[in-house]
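Just so it is clear, the model here is predicted, and its values are computed rather than measured. All values below come from the heavy atoms of this structure, side chains included, with hydrogens, waters and symmetry mates left out.
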Amino acid sequence: MGSQSEVMHCYEQIAPLTERMLILARTKQWAELPVLETQYSGMVDRLREIEPLHVLDEAQLARKYQLLSRITANSNEIFGMLMPQLTKLVTVMQSLEQQQSLQRAYGQGNVLS
């Protein structure tokens, strides 16, 4: 595969990948997201390596910007759905940490004289 087509191939793979991630987020299948996110990150890392080394022609640039628009829209929607989940997770973790701290301080093992 040539360098320019590899760049476009990456974009062509990332766009539907973000669409699958968005479907998972919409259906609250959070456990499935990390596998796709790993694939997404790998493709983005590859793009960072190869894209600066090559110039795309006018048609490729137009297609790239179409794909970037889809990728960005999908990513923004996914982010919007993940943030409340992450906030909820942080709240639960803080509550558990506080409970553990209280249990250590006043738990069954401590007897006041």
Other than Leu96, what residues sit in its cluster of Ile, Leu, Val, Met, Phe, Trp and Tyr side chains whose heavy atoms are under 4.5 Å apart, directly or through others?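 Leu96 shares its hydrophobic cluster with Val92.
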Who else is in Leu89's hydrophobic cluster (ILVMFWY, side-chain heavy atoms under 4.5 Å, direct or via others)?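 Hydrophobic cluster check, Leu89: joined to Met93.
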Counterpart residues, salt bridge (charged side-chain N to carboxylate O under 4.0 Å, His left out), relative to Arg20 (two or more places apart):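 For Arg20, no residue satisfies salt bridge (charged side-chain N to carboxylate O under 4.0 Å, His left out) once neighbours in sequence are set aside.
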Holding to salt bridge (charged side-chain N to carboxylate O under 4.0 Å, His left out), I want the full list of residues that pass it with Glu58, two or more places apart in sequence or in another chain.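 Here no residue qualifies.
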Min side-chain heavy-atom separation Gln39-Leu36 under 4.5 Å: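 Side chain of Gln39 against side chain of Leu36, heavy atoms only: contact under 4.5 Å found.
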Would you check if Ile50 and Cys10 make a side-chain contact, meaning some heavy-atom pair closer than 4.5 Å?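 Yes, close enough: below the 4.5 Å cut-off.
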Can you check salt bridge (charged side-chain N to carboxylate O under 4.0 Å, His left out) on Arg46 and Glu51, steps first, answer last? CA-CA 8 Å; Arg46 180 68 182 143; Glu51 190 169 22; over 6 Å; no
Do you see a donor-acceptor pair shorter than 3.5 Å between the side chains of Gln60 and Tyr11?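 Distance-only check fails for Gln60 and Tyr11.
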All side chain to side chain donor-acceptor pair (under 3.5 Å) counterparts of [X], not counting sequence neighbours:
X: Gln85; value: none
X: Glu97; value: none
X: Ser41; value: Glu37

Expected output: side-chain Thr72 to main-chain Leu68 donor-acceptor under 3.5 Å: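 Yes; at least one donor-acceptor contact below 3.5 Å.
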Test item: Thr91 side-chain N/O and Thr87 main-chain N/O as donor-acceptor pair under 3.5 Å: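 Yes.
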Which value, rounded to the nearest 0.5 Å, describes the distance between [X] atom [atom1] and [Y] atom [atom2]?
X: Leu22; Y: Ile78; atom1: CG; atom2: CD1; value: 5.0 Å
X: Ile14; Y: Met21; atom1: CD1; atom2: CE; value: 10.5 Å
X: Glu6; Y: Glu49; atom1: CD; atom2: CD; value: 9.0 Å

Does Leu53 have any side-chain contact (heavy atoms from CB on, under 4.5 Å) partners at least two apart in sequence or in another chain, and if so, which?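 In terms of side-chain contact (heavy atoms from CB on, under 4.5 Å), with neighbours along the sequence ignored, Leu53 is linked to no residue.
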Residues two or more places apart in sequence or in another chain: which of them pass side-chain contact (heavy atoms from CB on, under 4.5 Å) with Glu12?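 Glu12 satisfies side-chain contact (heavy atoms from CB on, under 4.5 Å) with Arg63, Leu67 only.
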In a table with atom names and distances, give each donor-acceptor pair under 3.5 Å that connects a side chain of residues 27-35 to protein atoms at least two apart or in another chain.
unit_1, atom_1, unit_2, atom_2, d
Thr27, OG1, Ile23, O, 2.9
Thr27, OG1, Leu24, O, 3.3
Thr27, OG1, Gln29, NE2, 2.8

What closest approach, in Å, do Arg70 and Ala15 show between heavy atoms, and which atom pair accounts for it?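 Nearest heavy atoms, Arg70 then Ala15: NH2-CB, 3.6 Å.
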Cluster overlap Tyr65 with Leu17, hydrophobic side-chain contacts below 4.5 Å: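 Yes; Leu17 is reachable from Tyr65 via cluster members.
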Applying the 4.5 Å side-chain criterion to the ILVMFWY set and letting contacts propagate, would Leu47 and Val44 be lumped into a single cluster?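 Per the 4.5 Å side-chain linkage, Leu47 and Val44 are co-clustered.
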So which pairs with a foot in residues 87-96 pass salt bridge (charged side-chain N to carboxylate O under 4.0 Å, His left out), sequence neighbours left out?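 For residues 87-96, and leaving out neighbouring residues, there are no salt bridge (charged side-chain N to carboxylate O under 4.0 Å, His left out) pairs at all.
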Residue pairs passing the side-chain hydrogen bond (donor to acceptor under 3.5 Å, both in side chains) test where at least one lies in residues 73-83, sequence neighbours excluded: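 Every pair satisfying side-chain hydrogen bond (donor to acceptor under 3.5 Å, both in side chains) with a residue in residues 73-83: Thr18-Asn74, Arg26-Glu77.
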